[in-house]
Colleague: 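Got a structure for you, questions after.
What's counted below: heavy atoms across the whole structure, side chains too, no hydrogens, waters or symmetry copies. In what follows, chains are A, B, ... by sequence order, proteins preceding strands, each numbered from 1.
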2 protein chains.
Amino acid sequence: MMTHEPPADPDDPALAAAQAERFSQARTAQAQALLEDYTEMIDDLIREHGEARITDIARLMGVAHPTATKAVARLKREGLAVSRPYRGVFLTEAGAEMAERVRSRHRVVVDLLIAVGVPPESAERDAEGIEHHVSDETLMAFERFLGGRG
Amino acid sequence: MMTHEPPADPDDPALAAAQAERFSQARTAQAQALLEDYTEMIDDLIREHGEARITDIARLMGVAHPTATKAVARLKREGLAVSRPYRGVFLTEAGAEMAERVRSRHRVVVDLLIAVGVPPESAERDAEGIEHHVSDETLMAFERFLGGRG
DNA sequence: ACAAGGTTGTAGCCAAGGCTACATTTCGGA
DNA sequence: TCCGAAATGTAGCCTTGGCTACAACCTTGT
Ligand SMILES: [Mn+2]
Ligand SMILES: [Mn+2]
Ligand SMILES: [Mn+2]
Ligand SMILES: [Mn+2]
């Protein structure tokens, strides 16, 4: 088949830079992952319960409550959420938009995995990590692939 | 299609635990990612140049050299690599095994992405992050999907 | 009305993984 | 040979995202 990149030649500056850029991108994507998961989770909770409490967020994320508090602090700092003490957490418009995008991407990734034969439980599990590394181009390719079916 | 999980009900302990477990797994996978990328990189360099120097590792990973030094220190601490001052870095048997697994998984992920229509450059880029979240079951499904082709 | 228990906030610890600045060692070319 | 440049090591800083322990605040049942 030979569809793979040649082994990196550390003497070629262009190849080295390209490779470095791939790792750099993966690191950037990872830094966004936490924001994405929390906005999606908060949106889920508000849809279902009308509010998102720190305790519920923490329990569903599988972390201790001060960890969730810190994450929400970061969401607020980045303009994605607001909250008042002892009240719930709410998404700003930007946060709600992110939640929408993230939910849609999550769904497409799960569907794609299932479509290529991954067991649904594995698909759900792996998608939680994979989704954060799916670029727009890849997402569109997934949608095309799924569209050319039922 | 309705292949998706129902919205998480934070009142159901079983569902909450399952959801928490997915996030927890994604965090664990992420913690392994750095080790995987470095072992693969070191193995690449040794194959091609007979040795893996800190400078080359750092340049190809896109980080400053003390960052690479720290990562190698962690590899050594975890029994995946050895090194002596001012000499190169070498993989232990465990490290070499990890490199093999990681390289194989990377290749399969790229091929799968391309097979479902992702542009090769996007595939290479996104695979660098996705690969760390592909479980054994998902990997096997990818291989089956690719096998039922050319 | 109020005490108890659940929820939230806050302080402070840790490890990982980035970085810069500087010291030391190695190595290749004059 | 030996000196300067490159490579490597080391110190120390920062942010993120985990945690526990404890304090303060609500809310609810009696
Ligand atoms: Mn996720
Ligand atoms: Mn998700
Ligand atoms: Mn990778
Ligand atoms: Mn890789």
Colleague: With A:Arg27, which residues qualify under side-chain hydrogen bond (donor to acceptor under 3.5 Å, both in side chains), at least two apart?
Modeller: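 In terms of side-chain hydrogen bond (donor to acceptor under 3.5 Å, both in side chains), with neighbours along the sequence ignored, A:Arg27 is linked to no residue.
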Colleague: Excluding sequence neighbours, so at least two apart, what forms side-chain contact (heavy atoms from CB on, under 4.5 Å) with A:Leu35?
Modeller: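 Result, side-chain contact (heavy atoms from CB on, under 4.5 Å) vs A:Leu35: A:Gln32, A:Arg74, A:Leu75, A:Glu78, A:Leu80, A:Met98.
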Colleague: Evaluate the criterion side chain to side chain contact (heavy atoms under 4.5 Å, CB included) for residue pair A:Gln25 and B:Glu128; output intermediate values, then yes/no.
Modeller: CA-CA 9 Å; A:Gln25 288 239 167; B:Glu128 202 52 73; over 6 Å; no
Colleague: Could you walk me through whether B:Thr92 and B:Glu97 satisfy the side chain to side chain contact (heavy atoms under 4.5 Å, CB included) test, starting with their C-alpha distance in whole Å, then the side-chain angles of each, then the deciding distance to 0.1 Å, before giving a yes or no?
Modeller: CA-CA 9 Å; B:Thr92 63; B:Glu97 273 164 29; over 6 Å; no
Colleague: Can you list everything that forms a side-chain hydrogen bond (donor to acceptor under 3.5 Å, both in side chains) with B:Glu51? Sequence neighbours excluded, please.
Modeller: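 Once residues adjacent in sequence are excluded, the partners of B:Glu51 under the side-chain hydrogen bond (donor to acceptor under 3.5 Å, both in side chains) criterion are B:Arg53.
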Colleague: Select one nucleotide: of D:dA24, D:dT8, D:dC19, the one nearest the side-chain heavy atoms of A:Thr67.
Modeller: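 Nearest listed nucleotide: D:dC19.
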Colleague: If only side-chain N and O atoms count, and only distance matters, is there a donor-acceptor pair under 3.5 Å linking B:His132 with B:Asp37?
Modeller: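 Yes.
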Colleague: What residues form a side-chain hydrogen bond (donor to acceptor under 3.5 Å, both in side chains) with B:Glu131, not counting sequence neighbours?
Modeller: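 Here the qualifying residues are B:His106.
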Colleague: Just to be sure I understand the geometry, which residues of residues 23-36 of chain B put a non-hydrogen atom under 4.0 Å away from DNA chain C?
Modeller: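 DNA chain C contact set from residues 23-36 of chain B: B:Leu34.
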Colleague: Using a heavy-atom cut-off of under 4.0 Å over every strand shown, decide if B:Pro85 touches base, sugar-phosphate, or nothing.
Modeller: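 The residue B:Pro85 makes sugar-phosphate contact but no base contact.
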Colleague: For DNA chain C, which nucleotides open and close the run of contacts to chain B, 5' to 3', at under 4.0 angstrom from a non-hydrogen atom?
Modeller: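 In short, chain B contacts DNA chain C from C:dA16 to C:dC27.
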Colleague: Quick check: on DNA chain D, is the nucleotide nearest B:Lys70 upstream (toward 5') of the one nearest A:Arg74, or the reverse? Name the residue that is more 5'.
Modeller: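 It is B:Lys70, whose closest nucleotide lies nearer the 5' terminus.
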